[in-house]
Amino acid sequence: MAEKYDGPILEIENLSISFFTRLFEIPAVMDFSTTVMPGEAMGLVGESGCGKSTVALGVMQDLGVNGRIVGGSIKFKGRNLNDMSREELAKIRGKEIAMIYQEPMASLNPAMKIGKQLMEVPMIHEGVSEKEAYQRALEVVTDVRLPDPERMLDAYPHQLSGGQQQRIVIALALMANPSLLILDEPTTALDVTVEAAVVEIVKELGKKYGTSMLFISHNLGLILETCDRICVMYSGEAVETGSIKDVFDKMRHPYTQALFRSIPLPGANKNSRPLVAIPGNFPLPNERPNGCNFGPRCDYFESGLCDASDIPMDDIAGDDRHESRCLRFRDIDWDAPIRAAVEVQKAEIGDVVLKVDNLKKYYEVAASALFSHGEKKVVKANETLSFTARESETLAIVGESGCGKSTLAKVLMGLETATDGHIVLNNKGVESVPIQERDTATVSSIQMVFQNPFDTLNPSMTVGRQIMRALEVFGIGKNESARRQRMLELLDLVKLPRDFADRMPRQLSGGQKQRVGIARAFAGDARIVVADEPVSALDVSVQAAVTDLLMEIQREQKTTLLFISHDLSIVRYLSDRVMVMYLGHVVEIGSTDQVFSPPYHPYTEALLSAVPIADTSVTKEHIVLEGDIPSAMDPPSGCPFQTRCRWKKDVPGGLCEQEVPPMKKLADGHQIKCHLSDEKLARMTPVIKIAAE
Amino acid sequence: MEALTWSGSLGPFLNPVMLAAVVVFFAAFVINLLMGFAGMRPADPIVNPDHTISYRMGPVDITLAAMKYAVFAVLACIAIFILGGILQPGMEAKGIIGGVSAQFLPVWIGLVVIFVLSIRYKRRLGLYGKLFDNLVGMIGFGLVMFWILTAIFAPTIATHGPIDVVASMRNDPPGSMVANAAADGHFAYYLLGGDALGRDVFSRMIFGAREVLTIAPVATLFAFMVGITLGLPAGYMGGRFDTLITFVANLVLAFPVILLFYLLVTPEIVEAGVPVYMAAVLFLLPIIFIWVLFYSRYRNQPGVIKWVAVPITLALLMLYLGTVFEFDPFVWLTTSFIGYLNQGNPVSDWMLTTRESYDPLVGIPIDGNLLIVFVAVVFVNSPTVFRIVRGLVLDIRTRDYVAAAQTRGEGPWYIMLWEILPNARGPLIVDFCLRIGYTTILLGTLGFFGLGVDPESPNWGSTINEGRRLLTIYPHPPLPPAIALMSLVLGLNLLADGLREESLKD
């Protein structure tokens with residue numbers, strides 16, 4: 001805009017926001033202060049329920065009927081937003097402050113064409129003509145690197161993929177050229193490689209337009225990549241704020257430290273350097289302790305001091321605007337090595353328990369359900385998969401959505417039968433035996449842990465009853481009381497108190513539900529457990545505890561773990577071998593070290609580069625994949641990855657577009673599916689480099 | 001002695017108060033509306049530094065408050081009328097309103113007991129308890145309970161029998177005195193007047209509650225059982241079965257309801273046995289439902305199957321055979337057996353004749369017409385229930401706990417009945433309440449058309465129809481059943497609203 005303003009764009013001072021219910025007040029944000037300078041990107045991190053989204057809504061003055069700002073001020077370009085009338089706010093929203101939400105489809109009007117939605121913004125806020133607005137829309141769509149902008153403007157939201165939709169939402173936010181952009185978990189719903197591309201765009205456009213950003217995320221790695229400054233929130237309060245460098249390398253609050261210790265950074269290892277979970281649970285808003293909110297979970301807690309009174313933010317001498325809400329940060333030895341890291345013996349890898357050979361799973365999709373003659377399409381969900389899994393081994397299956405990992409899980413479990421190929425489980429071929437025809441021993445020996453903790457338990461049955469039902473089905477225990485005894489033992493196994501048996505799932509937190517899910521999977525002494533992203537929906541501090549639990553049970557029971565995930569950090573931390581899948585194909589398989597160091601399959605390389613790592617000492621080679629993952633309904637010819645591969649030009653004769661590459665053996669147990677010649681592969685450099693400290 | 005006045009001895013004091021309150025209410029309403037047009041808004045709440053909220057009254061708030069207090073005043077007057085009716089001695093002092101409320105005494109006591117107990121223990125009562133956090137839900141529940149209690153205590157409440165005729169009372173206005181009542185030991189007044197045949201309108205309304213409240217909930221329950229039994233597999237398994245059933249459901253829904261009823265009561269169709277065949281199918285589905293419910297859950301525990309599930313199912317089957325076909329396998333078998341042993345002698349002949357005309361030992365004797373009404377209502381309602389259930393199943397079957405059940409090898413019926421159905425209960429309970437309301441209206445409509453039920457019956461629908469003929473001259477006979485029907489359905493809708501709101505909160 002024309003008017004010049006060179007003070008801070010956003011200045012929040014001692015902001016307190018509460019939600020009022022009929023009975024009492026629930027403080028959501030307390031004493032929150034932050035400043036965002038022009039062109040600066042501010043990251044807001046914290047676990048779910050810490051109040052980070054409430055801050056964003058507070059800035060937008062959109063707290064709903066129950067929410068109220070009960071103290072402090074929010075100044076936007078020097079003007080207090082709290083005192084503005086609705087009309088004034090309406091002028092600022094969307095024009096000067098724009099917001100991008102997590103779910104792209106929910107931010108777009110499904111009944112309106114993209115172009116119309118984009119053009120509306122300048123037409124309403126600046127009253128420009130339709131023609132000019134169209135030009136602007138075209139420009140912005142080009143800026144967010146969408147192919148074929150004219151066609152995009154003429155499309156309806158549902159015709160675009162998730163990644164494209166989110167880019168449109170970004171374009172929508174940028175249409176009015178706002179001074180402040182609030183991004184509330186903008187990439188959580190996207191795949192990693194798509195996320196990397198979207199983050200790249202956000203960063204670049206922020207620079208290009210000189211927009212200040214408030215970036216809300218639970219992912220520290222993403223904040224490191226996008227922001228200049230960071231503010232860590234815990235239970236409604238900012239606990240530490242400062243520049244990225246200061247907070248990541250010289251953290252001065254115990255919560256920040258605990259958070260970093262609970263995420264799998266390169267170098268962490270399940271045997272020699274396990275993660276340190278934060279003990280205890282996140283306090284509910286109406287059950288916060290006196291004094292420091294983190295006190296009850298803090299290693300450095302000192303009673304009488306930390307629980308006496310409210311703790312103010314305190315400056316850390318020598319750093320640029322680096323503050324911590326801790327009374328003892330000057331006394332704590334921040335460089336002390338991690339305590340209580342018990343080294344454990346690596347489990348002995350045993351015999352092969354699962355052998356999959358040339359497994360194929362095709363689905364026939366009929367044109368119409370009622371009249372099923374006519375054209376049929378074949379979706380190749382799994383294409384010639386071959387791998388083995390041994391006792392006590394963790395085999396990670398890595399891939400993005402649509403890569404066929406869930407189909408693989410279904411075929412293994414017997415929910416679907418294979419189209420072709422063999423699955424040998426406990427020396428029995430089970431590829432064409434659906435689950436109803438499998439005997440109880442086979443069914444109980446392969447079990448699954450599910451992704452979404454809020455969905456994994458039946459909400460209308462007690463926890464104990466659900467575990468007992470599994471025991472009953474697996475024929476364990478002679479009678480009700482024997483099964484109850486076994487159920488209580490299983491609760492002990494997953495470290496839940498025994499009185500949880502009579503609770504309903506809604507009374508449990510996400511991590512606790514996931515533990516029950518694990519207990520249920522191990523009810524029939526499973527030999528193989530398929531864990532489908534078991535921790536990805538959990539908060540960081542809980543993730544570590546659940547991961548450790550899985551590892552511990554695996555060591556005790558010598559279980560084979562098939563760990564399905566898209567998160568390479570956690571895969572590197574806990575798996576022995578890794579299998580990378582793309583569009584139904586296994587593109588690379590090998591031991592963890594082999595897969596995580598060159599030579600890579602080009603897709604693995606991109607995936608490694610895309611995963612944000614919350615460590616300032618790590619430098620990554622920057623690889624951004626163009627476009628989205630192709631649909632499995634309509635896969636590309638030849639190599640499945642050729643549409644997005646940056647090495648394609650190094651293969652002579654357009655071979656990539658003609659033939660599916662054969663599995664190539666690189667080293668003992670390390671195979672990739674790629675046409676690249678050996679010398680080209682040998683020249684690959686590591687994507688992730690850890691700077692010598 | 002003269003006819004009763006409406007408000008009795010309290011009238012002279014309370015009527016002006018009520019009138020004033022109503023005037024105040026409308027005045028405030030109009031002023032508020034005008035201020036709204038003028039762009040004035042209620043004052044925003046002020047947040048105090050001690051984290052409490054207070055309100056400062058603006059002119060708009062004052063009108064709102066006036067409206068509120070006017071409503072309170074009217075409610076207070078009504079409460080005094082009711083209490084006065086109960087407490088004052090003598091019918092003249094009570095008046096019609098007082099007299100009616102005095103007759104309802106058991107209902108008032110019942111309502112007070114239920115509400116006091118429920119509110120006292122609401123934290124322990126789950127969804128039902130949460131209903132008492134919600135004003136709308138409480139009002140709805142109160143209205144519904146009012147009519148349920150009325151149906152239960154109908155003989156005590158009613159002043160006369162539903163078909164007692166006093167010829168001199170034909171079309172007499174409310175509050176009329178019954179001649180020679182004291183001599184016959186009858187109640188001395190027709191509180192809400194007499195109808196065209198000289199029957200007591202008040203008593204017929206009270207007994208009508210019984211008729212309506214026995215058929216509607218049971219018919220709705222059956223419609224739900226049928227809808228669930230078909231909707232679960234259709235949604236869960238999908239495919240051709242789903243396509244077929246959905247098509248049939250659409251077909252039934254597309255057929256005009258009233259026409260369907262007329263068809264069902266046509267003598268030729270009744271003689272051809274169509275209603276009985278339909279009952280045979282529709283009543284069998286709930287039994288299948290209950291058997292599968294038990295079997296899928298306890299299939300690994302033969303003890304439970306043998307001693308609980310099998311006896312219950314057999315008992316239900318007996319009930320089913322007795323009710324629908326008036327056939328009792330025990331009687332049939334024993335008579336046949338004894339008859340076989342004693343061929344040709346008098347005992348055998350006696351046996352064979354009884355076999356022709358016996359009443360089944362178990363089985364609910366249903367009047368032929370009632371069976372038709374029942375079947376028709378179930379038949380019309382179940383497709384809608386089917387669609388709701390199917391939609392819910394389509395959503396819930398994608399949940400991880402369903403996948404978890406599949407991966408431990410549970411059968412499809414276990415998953416449908418124990419993993420999916422309990423989690424669909426919220427919307428189903430709400431719809432159940434709404435649907436009882438619709439069914440009540442439907443029964444009223446049927447009664448209005450004189451379909452199915454006995455013409456003497458005090459059923460609200462047929463009573464309204466009878467009163468319709470002389471409506472312009474004597475409006476008092478059809479009005480009480482109409483108001484009763486309206487308040488019951490309103491209560492059910494409010495109850496459903498309250499349940500929906502509260503079930504969403506968890």
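Proteins come first, then strands; the chains are lettered A, B, ... in the order of their sequence lines, and each starts at number 1. No experiment lies behind these values; they were computed from the predicted model shown.
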Looking at N458(A) and W418(B), what are the two nearest heavy atoms and their distance? ND2-O, 3.3 Å
Whatever's closer than 4.5 Å to a heavy atom in chain A on A403(B) counts as both
Chain B shares the most heavy-atom pairs under 4.5 Å, among Q466(A), R520(A), E480(A), with R520(A)
Tell me if the CZ atom of F19(A) is crowded by more than 12 foreign heavy atoms within 6.0 Å. yes
In this structure, are over 12 heavy atoms from other groups packed under 6.0 Å from R387(B) atom CZ? no
Could you please spell out the steps behind the side chain to side chain donor-acceptor pair (under 3.5 Å) verdict for S460(A) and N423(B)? CA-CA 6 Å; S460(A) 38; N423(B) 297 307; 2.6 Å; yes
Under a 4.5 Å heavy-atom cut-off, does chain A meet the side chain of F247(B), its backbone, both or neither? neither
Honestly, the part of R297(B) sitting under 4.5 Å from a heavy atom of chain A is both
Below 4.5 Å, heavy-atom pairs only: which of E410(B), R408(B), Q406(B) has the largest tally toward chain A? R408(B)
Pair R299(B) + E472(A): basic N to acidic O under 4.0 Å: no
Greater than 12 external heavy atoms within 6.0 Å of K513(A)'s NZ: yes
On a heavy-atom basis, the closest approach of L415(A) and T407(B) is CD1-CG2, 3.9 Å
More than 12 heavy atoms of other residues, nucleotides or ligands under 6.0 Å from OH of Y69(B): is that the case? no
Less than 4.5 Å apart, any side-chain heavy atom of Y401(B) and any of M461(A)? no
If one checks every heavy atom of F474(A) against chain B at 4.5 Å, the contacting part turns out to be side chain
